[in-house]
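Counting starts at 1 for both ligands and their atoms, following the listed order.
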Amino acid sequence: MGSTDVLHDGGINNTYEVVIFGAGISGLVSAAILLEQGIKHILIIDEYPHIGGNHISTSIGDMTFDVGSFIFQDTSDLLKYFPELRPLYVPIRAQSGRINPRGAIRKYPFSVEDEVIKAGPREWIRIALSLGFARLFRRRIRNAQDYAEYWIGRRLMKQSGLGHFMERFYGVPPANINIQFAQARMRWIRENATLRKRIYQFLRPAQPAYRPQQQLARPKEGFDYLYKAAADHLKRRGVKVLLGAKLVKVDREGEGFVVRSAVHSFHTSRVISTIPIPTMLKLCGLPTSGPLKTVTLLSLFYSFQGDRGFGCNVLYNFTATGAWKRLTVHSDFYGADRGREFFTVEVNANHVDGSIEKADQDFRKHTSAHGLYSGELHLEGSYVLENAYPIYVDEASNRAAESIRVLRDFGIESFGRQGGFDYQPTAQVSIQAAKSALLTA
Ligand SMILES: Cc1cc2nc3c(=O)[nH]c(=O)nc-3n(C[C@H](O)[C@H](O)[C@H](O)COP(=O)(O)OP(=O)(O)OC[C@H]3O[C@@H](n4cnc5c(N)ncnc54)[C@H](O)[C@@H]3O)c2cc1C
């Protein structure tokens, strides 16, 4: 990553009304909201050399890979703030599946039909007993394991592979994940697994929504191409965007701040931070209230020719083995490249000692044991993404809240996936958080 500031819009002042740290969804939308509020002199600074934050694509030949699975909806507020993005997206019909502990490909995240109804009377009794036990005897729900067992019972948790998936996804065993996090961000378990509701849905399939959402994928050219349109939108309205900038210090100066990068100094009356909390505290010379752990995500980029063994575009690993957690077949959305499919596999770095080689070997071994990817599989490249997801262990939520309060006392508004240490599962959730922070400020 370059430490030389690259100014993408020519000309820079040294005084701004607001300086926003981070050019991800939270930073971009914040700038758009501030413009609506009549603030004119805004600077966005990011240490990445590109716009869009963790929405990162890599082109290898004519194939474009993302660091993970990114699927959007045409109802997203992002399109209200940046309407020029809409025609750039590729309309898709994404289908998610999962490989369950018995190696079968099933619907994601649950299939009441397969896991319950087709399982037969013996299994119904086991599930009912485990669910009854959880509801009657689990008085205190202390962590994500308890939470999931309360809603689906231990038997269904085991049969579906949900526990394995949670560990791969959230970085630690479900019994170590804070209950606050489970309640805030795992409501999908409750929503998908309320057995009564699922059986009802199975028997009476839902009527189509009044206006079905159109799913969207980024353009074939990649995220840079998409978010350049958002940056251009902001620049036309006078917002300055400084990329590849290494921030070194933030000092208080009277009622405002001095923000120093490796190359520039800026004066501003307001700082909005969407970057990791520990980084922001350090820049301000403020104490931390303990570590805030995050997942480092390894993304493996493959091309393939042969029989992949499943039909969906996004496949989750719910088995007991294999470090990979999810794969996304980009070529289903953009077309194969000279007969070769291409896809990204996501792996939590901690589960393979941070080694791409180990992750690759593990993926090959696991998929070949499960009859997936029989043919010619080639590792085209990889990407290491730090700070991909917050890990909610050891009172992390409380420590994050305390650090955000320390920053607020210093005068800095901190929110977003990293700035709020908030597992925002979708860009829409990030936008709602930015709106609520800025519209109530
Ligand atoms: C793998 C993955 C898959 C996802 N899939 C989907 C999906 O399918 N659909 C969906 O809607 N959402 C998805 N999301 C969630 C969505 O991407 C986030 O909610 C949203 O992008 C968060 O934006 P943000 O701006 O808060 O954070 P980020 O995107 O993390 O942006 C923070 C920015 O801060 C910058 N920064 C960090 N340190 C510094 C520093 N020292 N100085 C300056 N700048 C710094 C970073 O470079 C980055 O640009 C996914 C997220 C991930 C990681």
> What part of Phe72, side chain from CB on, backbone N/CA/C/O, both or neither, has a heavy atom under 4.0 Å from ligand 1?
Replying inline: side chain
>> Under 4.0 Å from a heavy atom of Gly416: which atoms of ligand 1 are those, numbered in the order shown and with their elements?
In response: 26 (O)
> Which bit of Asn54 gets closer than 4.0 Å to ligand 1, counting heavy atoms only: side chain, backbone, both or neither?
Replying inline: both
> How does Thr279 reach ligand 1, if at all, at less than 4.0 Å between non-hydrogen atoms: by side chain, backbone, both, or neither?
Replying inline: side chain
> In the protein, which heavy atom is nearest to atom 48 (C) of ligand 1, and how far is it?
Replying inline: Asp46 OD2, 3.4 Å
> Applying a 4.0 Å heavy-atom criterion (strictly less than), which segment of Arg326 is in contact with ligand 1: side chain, backbone, both, or neither?
Replying inline: side chain
> Looking at Leu247, which atoms of ligand 1 are within less than 4.0 Å of one of its heavy atoms?
Replying inline: 42 (N), 43 (C)
> Tell me: protein heavy atom nearest atom 17 (O) of ligand 1, and distance?
Replying inline: His55 NE2, 2.5 Å
>> Looking at ligand 1, is there an atom of it that comes within less than 4.0 Å of some heavy atom belonging to Phe415?
In response: no
> Which ligand 1 atoms does Tyr389 reach within 4.0 Å, using its non-hydrogen atoms?
Replying inline: 1 (C), 2 (C)
>> Yes or no: does Ile71 have any heavy atom under 4.0 Å from an atom of ligand 1?
In response: yes
> Is it true that Pro425 lies under 4.0 Å from ligand 1, counting heavy atoms only?
Replying inline: yes
> Does Gln215 reach ligand 1, in the sense of a heavy atom lying below 4.0 Å from it?
Replying inline: no
> If you measure from each non-hydrogen atom of Ala245 to ligand 1, which part falls under 4.0 Å: side chain, backbone, both or neither?
Replying inline: neither
> Quick one: nearest non-hydrogen protein atom to atom 53 (C) of ligand 1, plus distance?
Replying inline: Arg417 NH2, 3.5 Å
> Side chain or backbone of Ser430 under 4.0 Å from ligand 1, or both, or neither, by non-hydrogen atoms?
Replying inline: side chain
> In the protein, which heavy atom is nearest to atom 44 (N) of ligand 1, and how far is it?
Replying inline: Glu47 N, 3.2 Å
> Taking non-hydrogen atoms only, is Pro276 closer than 4.0 angstrom to ligand 1 via side chain, backbone, both or neither?
Replying inline: side chain
> What protein heavy atom is closest to atom 50 (C) of ligand 1, reported as residue, atom name and distance in Å?
Replying inline: Phe70 CE2, 3.5 Å
> Considering the options Glu380, Glu376, His378, Glu341, which one meets the side chain to side chain donor-acceptor pair (under 3.5 Å) requirement together with Ser303?
Replying inline: Glu380
>> Within ligand 1, which atoms have a heavy atom of Gln418 less than 4.0 Å away?
In response: 28 (P), 30 (O), 32 (C)
>> Using ring centroids (six-membered ring only for Trp), state whether Phe421 and Tyr392 fall under 6.0 Å.
In response: yes
> Under the ring-ring contact (aromatic ring centres under 6.0 Å, His included) rule, what pairs show up with a residue in residues 229-254, not counting sequence neighbours?
Replying inline: Phe82-His233
> ring pair (Phe, Tyr, Trp, His ring centres under 6.0 Å) with Phe343: which of Phe301, Tyr334, Tyr302?
Replying inline: Tyr302
